[in-house]
Amino acid sequence: MGEEKLNDQMIVRRQKMQALRDKGIDPFGHRFDPDHDISSDIHTKYDNYDGDLLAKEGNVVTVAGRMVAKRGSGKTSFADLLDRGGKIQFYVRQDIVGDDDYQIFKDSDIGDFWGITGDLFKTRAGELTIRAHKITFLTKALRPLPDKYHGLADPELVYRQRYLDLITNRDSFDRFITRTKIIKAIRRYMDNNHFTEVETPILENVASGAEARPFVTHHNALNIDMYLRIATELRLKRLIVGGMERVYELGRVFRNEGMDPYHNPEFDTMETYAAYFDFNDVMDETEGIFKAAAKVVANDLKINYHGTELDFGKPFARMHMVDAIKKYTGVDFWQKMSLEDARKLADEHGVEYESWWKVGHIINAFFETLVQDKLQQPIFIYGHPKEISPLAHINREDHRFTDRFELYIVGKEYANAFTELNDPIDQRQRFEAEAKEHAEGNDEYQPIDEDFVEALEYGMPPTGGLGVGIDRLVMLMTDAKSIRDVLFFPTMRPKKDN
RNA sequence: GAGCCGUUAGCUCAGUCGGUAGAGCAUCUGACUUUUAAUCAGAGGGUCGAGGGUUCGAUCCCCUCACGGCUCACCA
């Protein structure tokens, strides 16, 4: 930015700042002690009082916040003070605060911070209001706030200057508060189920555990390139080998891929691993997590997402992927079939496929293109083909499929889980098959993590694992249109001077 | 990465079939001792995203670029 160009309003505010200094008032003031609660507590306590009772009790409160609206009329003024609890109106009279302080108030701008002490009363319109006895100037705002009525609307400014969005758009402010509450509720659920929260490296030598391109960075002292993690999976499984039995990590991962309303290069996942669980146990666990998150927003666990009512109160449906395909398309992949058979079916149903795909890839494509969008209410789809599930345990009855599931809601995936593969020899073969796929054209593959295979060779107990996209879960629960609306500072191109 | 759309005052938006721009809020001056998108009277504020082209003349038409949004493709 550099030296800014001052517009008329910025010049006036700087002059007012100097005028305050000339009066011995620090325009960027000091500690203030709101001895009372925040505005929302005052509303909770006194909104139901009638005017007479308030007058009789003469309750005195002290609050601090940003003045976001000002309605002056001669020798009295009303204004709105914004703190983290919301807004509360205050009332300043020249005959109460005195000529000097009243003039300072008249000269103050929307955006300035004030400390207010006064008694509570109700206006004619019935609004709970603080009649100021003492006003304390706390901080000058040198720039004007966005339009008080429309708020900040330009999406670019909303994301780049989130602080302005938070000041003027209360829905946005509240959504971020809800985000934190949801994450706390999820942690509480995991803790109550005897999972240990852990932290594993973000800087990795091998970016594995998912199929995604990593961000590359450089460590100077070691003179090696390192990768930002794309998943926490293989680290957490090592902790299962180490005997921690139930672990989870909720944190940031990074994927060097495109951006759109559902993808940001950095985002939060929660992965959980529990020894001796199979994927059915993990379904129960997942259901508990989503119910706990929904409870934060709605006591009856009914969530409205873009006009669709989602009921998280009922038990979530559970359906095999092949059955789901059969239900929605009539195609039966339970039958033994060759690659040629599968390709023929794909051609008949307009499902596109790559030359290197096996039958399992085509089954998955059927699901993704013809079934997925139709799944509105929470449903677990399980039994993914082995070819697309390199870290999942093979199903005992049918070796074409794995003990894996994904949770689908409003046509989108919200969780991915499986009974973990703990056979190191099988694991190595699957890594090698992935590497071969890469050579054949799949450019997102998992590099062979030798150290992880070695860990498995020491023995990992049967384990159920789960991954949840936290941002998408928050979007769902807060009816957000874009992932950028649940991230304070979504990734943006740097703004160049033009 | 491709297609479509957007960028005008601090903010939210109009507008000019090509003749260098308006409103509301905000700001400034004045009035007003219960307002609440306060009201009333007056005033100031813009290299119309950047660069180039066509033209007597471009904020408007054309080209390039920057940033953003949406859709599609890939991914969670």
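Treat the numbers as computed from the prediction; the structure is a model and nothing was measured. Numbered from 1 within each chain, the chains take letters A, B, ... in sequence-line order. All values below were derived from every heavy atom in this structure, side-chain atoms included, with hydrogens, water molecules and symmetry-related copies excluded.
Across all strands, A:D95 comes closer than 4.0 Å to base atoms (heavy-atom distances). Among the protein residues, A:G469 comes within range of no part of the nucleic acid, since none of its heavy atoms lies under 4.0 Å from any strand. Counting non-hydrogen atoms under 4.0 angstrom, A:G151 reaches the backbone sugars and phosphates but no base. Residue-level contact check: A:R255 touches the bases, meaning some heavy atom is under 4.0 Å from a base atom. A:R160 comes within contact range of the sugar-phosphate backbone alone, with a heavy-atom separation under 4.0 Å but no base atom that close. Residue contacts shown for A:A153 are limited to sugar-phosphate atoms, with no base heavy atom under 4.0 Å away. Within 4.0 Å (heavy atoms only), A:N264 reaches at least one base atom of the nucleic acid.
Taking 4.0 angstrom as the limit, A:K70 places none of its side-chain polar atoms (N or O) nearer than this to OP1 or OP2 of B:A38. Between A:K75 and the phosphate of B:C32, there is no side-chain N or O to OP1/OP2 separation shorter than 4.0 Å.
For a distance-only test at 3.5 Å, the side chain of A:D8 qualifies as a donor-acceptor partner of the base of B:G44. Within 3.5 Å, a donor on the side chain of A:D260 pairs with an acceptor on the base of B:C74, or the reverse. For B:G46, the base has no donor-acceptor partner in the side chain of A:N7 [N/O atoms by modelled type, under 3.5 angstrom]. Judged by atom type and distance alone, A:Q89 reaches the base of B:U35 through a side-chain donor-acceptor pair under 3.5 Å. The base of B:U36 lies close enough to the side chain of A:E127 for a donor and an acceptor atom to sit less than 3.5 Å apart. For a distance-only test at 3.5 Å, the side chain of A:R124 fails to qualify as a donor-acceptor partner of the base of B:U34. Between the side chain of A:T76 and the base of B:U34, no donor-acceptor pair under 3.5 Å is found.
With A:Y159 as reference, A:D485 is the one residue of A:D165, A:D485, A:T491 to meet the side chain to side chain donor-acceptor pair (under 3.5 Å) rule.
Outside the 6.0 Å centre-distance limit, the rings of A:F418 and A:H384 are not counted as a close aromatic pair. Taking the ring centroids of A:F380 and A:F279, they lie at or beyond the 6.0 Å cut-off.
For A:Y91, the side-chain atoms get nearest to B:U34 when compared with the rest of B:U35, B:U34, B:G10.
Under the 6.0 Å distance and 45° angle rule, A:R170 counts as a cation-pi partner of A:F173.
Counting non-hydrogen atoms of other residues, nucleotides and ligands closer than 6.0 Å to NZ of A:K106 gives a total above 12.
Residues A:P265 and A:R131 both approach RNA chain B. Their nearest nucleotides, taken by heavy-atom distance, put A:R131 toward the 5′ side.
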